Amino acid sequence: MLDQYAVFGNPIKHSYSPIIHEEFASQTKQRLIYKRELVPIESFAASVDKFFRGGGLGLNVTLPFKTEAHDYADIVTDRALLAGAANILSRMPNGDICGDNSDGIGLITDIKINLGWKIRSKRVLVLGAGGAVRGVLKPLLQENPRSIVIANRTVKKADALVKAFQDQFEISVCGYDNLCSRSFDLIINGTSAGLLEKGLRLPDRILSTENIACYDMMYGEKQSAFLDWAVLRGADIADGLGMLVEQAAESFFIWRGVRPQTEPVIKLLREMLNTS
Ligand code: ATR
């Protein structure tokens with residue numbers, strides 16, 4: 001029987017993960033099966049049990065189960081522990097299930113390697129303080145930006161988030177209304193909602209005057225209003241498609257011990273998105 005992998009989520013219909021892993025497998029001549037599974041909200045643990053009992057080797061976990069995946073795992077890596085969330089569950093040789101998190105490295109690799117943007121010494125603004133942001137904060141800090149500000153609708157939530165990181169790095173927190181007096185070189189949108197679609201206004205002056213870069217962790221057929229806003233103001237922009245492929249590449253490397261090439265896969269998905 002071929003080695004089995006899958007992605008678990010709800011919803012899951014539009015997940016690109018099977019395509020990405022099939023591309024990686026054919027590129028690296030690995031023989032495996034990768035499926036997608038719609039998991040009922042209340043039966044994540046039972047579904048994971050069943051998968052691994054049936055001989056499955058590894059899972060990618062997506063919304064809304066990443067925190068549950070972290071709690072399910074017998075052991076977790078440091079990066080999953082800090083994120084409080086796991087997007088990878090792997091069966092270890094002794095049968096234990098290990099939880100890992102490759103979202104942060106996916107984001108950083110996309111920004112630094114694929115896009116060639118600098119994070120070091122930059123003034124970074126992160127929009128949002130939910131699970132997606134929590135997963136990428138530590139890898140961002142490790143890149144030594146000059147400063148990081150987190151803006152969130154619910155400031156208390158951002159305060160709670162940065163508490164876990166505060167001993168290592170000074171992170172400021174504010175609401176969207178208090179952004180006016182500062183400017184930034186790199187803005188990362190980590191909110192789940194299309195903020196600007198929902199009427200939020202970002203003050204123009206938060207963009208520094210040169211080499212501005214705006215990254216949206218979401219992606220879709222249509223460019224987000226956040227990226228539209230950024231383009232109009234002369235910023236370099238990118239959506240989260242590269243991050244998606246890079247986090248998958250890290251999963252593939254953990255499971256198969258080979259690093260696939262991500263560039264052709266990002267290109268393929270971009271074409272699919274543009275024609276869907
Ligand atoms: P995820 O795990 O995808 O990050 P989440 O934990 O529910 O999801 O977090 C969603 C993020 O989007 C939060 O930062 C949330 O802001 P609040 O903490 O104030 O709820 C943000 N968000 C969602 N809808 C929003 C809206 N209409 N306006 C502003 N922020 C919004």
Side-chain angles (χ1 to χ4, degrees), residues 7-17 39 41 44 60-72 76 79-89 99-108 110 124-141 148-165 171-180 184 186-203 206 214-220 222 224-230 239-244 246-248:
V7 57
F8 278 15
N10 187 337
I12 200 68
K13 207 164 114 202
H14 299 292
S15 170
Y16 282 130
S17 291
V39 174
I41 298 294
F44 176 74
N60 284 128
V61 179
T62 185
L63 298 178
F65 298 121
K66 291 185 187 186
T67 311
E68 257 186 274
H70 165 277
D71 297 346
Y72 177 96
V76 289
R79 57 191 185 180
L81 184 69
L82 251 172
N87 68 321
I88 306 171
L89 291 176
D100 200 351
N101 192 312
S102 63
D103 286 335
I105 193 168
L107 174 71
I108 302 299
D110 196 35
V124 178
L125 169 64
V126 177
L127 306 175
V133 169
R134 183 168 172 175
V136 302
L137 209 47
K138 173 79 177 179
L140 264 177
L141 293 175
I148 292 196
V149 173
I150 296 184
N152 199 41
R153 177 179 59 180
T154 317
V155 177
K156 258 205 289 194
K157 212 166 136 190
D159 276 331
L161 175 71
V162 301
K163 262 207 180 103
F165 299 89
I171 306 173
S172 332
V173 162
C174 65
Y176 295 115
D177 295 343
N178 305 107
L179 276 172
C180 294
F184 302 91
L186 170 63
I187 305 181
I188 299 172
N189 182 16
T191 62
S192 51
L195 283 192
L196 275 62
E197 283 89 341
K198 296 216 164 132
L200 181 91
R201 293 277 158 267
L202 292 172
I206 63 173
C214 291
Y215 191 99
D216 199 328
M217 283 165 63
M218 303 294 280
Y219 61 89
K222 202 172 155 291
S224 68
F226 166 67
L227 293 183
D228 288 344
W229 170 85
D239 68 7
L241 197 67
M243 176 181 172
L244 172 79
E246 293 298 342
Q247 65 75 30

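From a predicted model like this one, the values you see are computed outputs, not experimental measurements. No hydrogens, no waters, no symmetry mates; every other heavy atom, side chains included, goes into these values. Every number for a ligand or one of its atoms is a count from 1 in the order of the listing.
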Is the shortest N/O to N/O distance between Gly190 and ligand 1 below 3.5 Å? no
Write down the atom of Leu179, the atom of Pro203, and the distance for their closest heavy-atom approach. CB-CG, 4.3 Å
Could you verify whether a donor N or O on one side chain and an acceptor N or O on the other, from Thr154 and Asn152, lie under 3.5 Å apart? no
Under 3.5 Å, is there a donor-acceptor pair linking the side chains of Asn60 and Ser17? no
Please give me the minimum heavy-atom distance between Phe226 and Cys214, naming the atom from each residue. CZ-CB, 3.8 Å
Going from CG on Leu141 to CD1 on Ile171, what distance comes out if it is rounded to the nearest 0.5 angstrom? 4.5 Å
Ligand 1 atoms nearer than 4.0 angstrom to some heavy atom of Ala132 are 1 (P), 2 (O), 4 (O)
Can you find an N or O of Leu63 that's nearer than 3.5 Å to an N or O of ligand 1? no
Listed partners of Ala80 passing side chain to side chain contact (heavy atoms under 4.5 Å, CB included), at least two apart: Val76, Thr77, Asn101
Less than 3.5 Å between some nitrogen or oxygen of Thr154 and one of ligand 1, yes or no? yes
If you measure every N/O of Arg153 against every N/O of ligand 1, is any gap under 3.5 Å? yes
Hey, is Thr191 touching ligand 1 through its side chain, its backbone, both or neither, going by heavy atoms under 4.0 Å? both
Ligand 1 atoms in contact with Gly131 (distance to a heavy atom under 4.0 Å): 1 (P), 2 (O), 4 (O), 6 (O)
Best match, Gly130, Gly128, Pro64: closest heavy atom to atom 9 (O) of ligand 1: Gly130
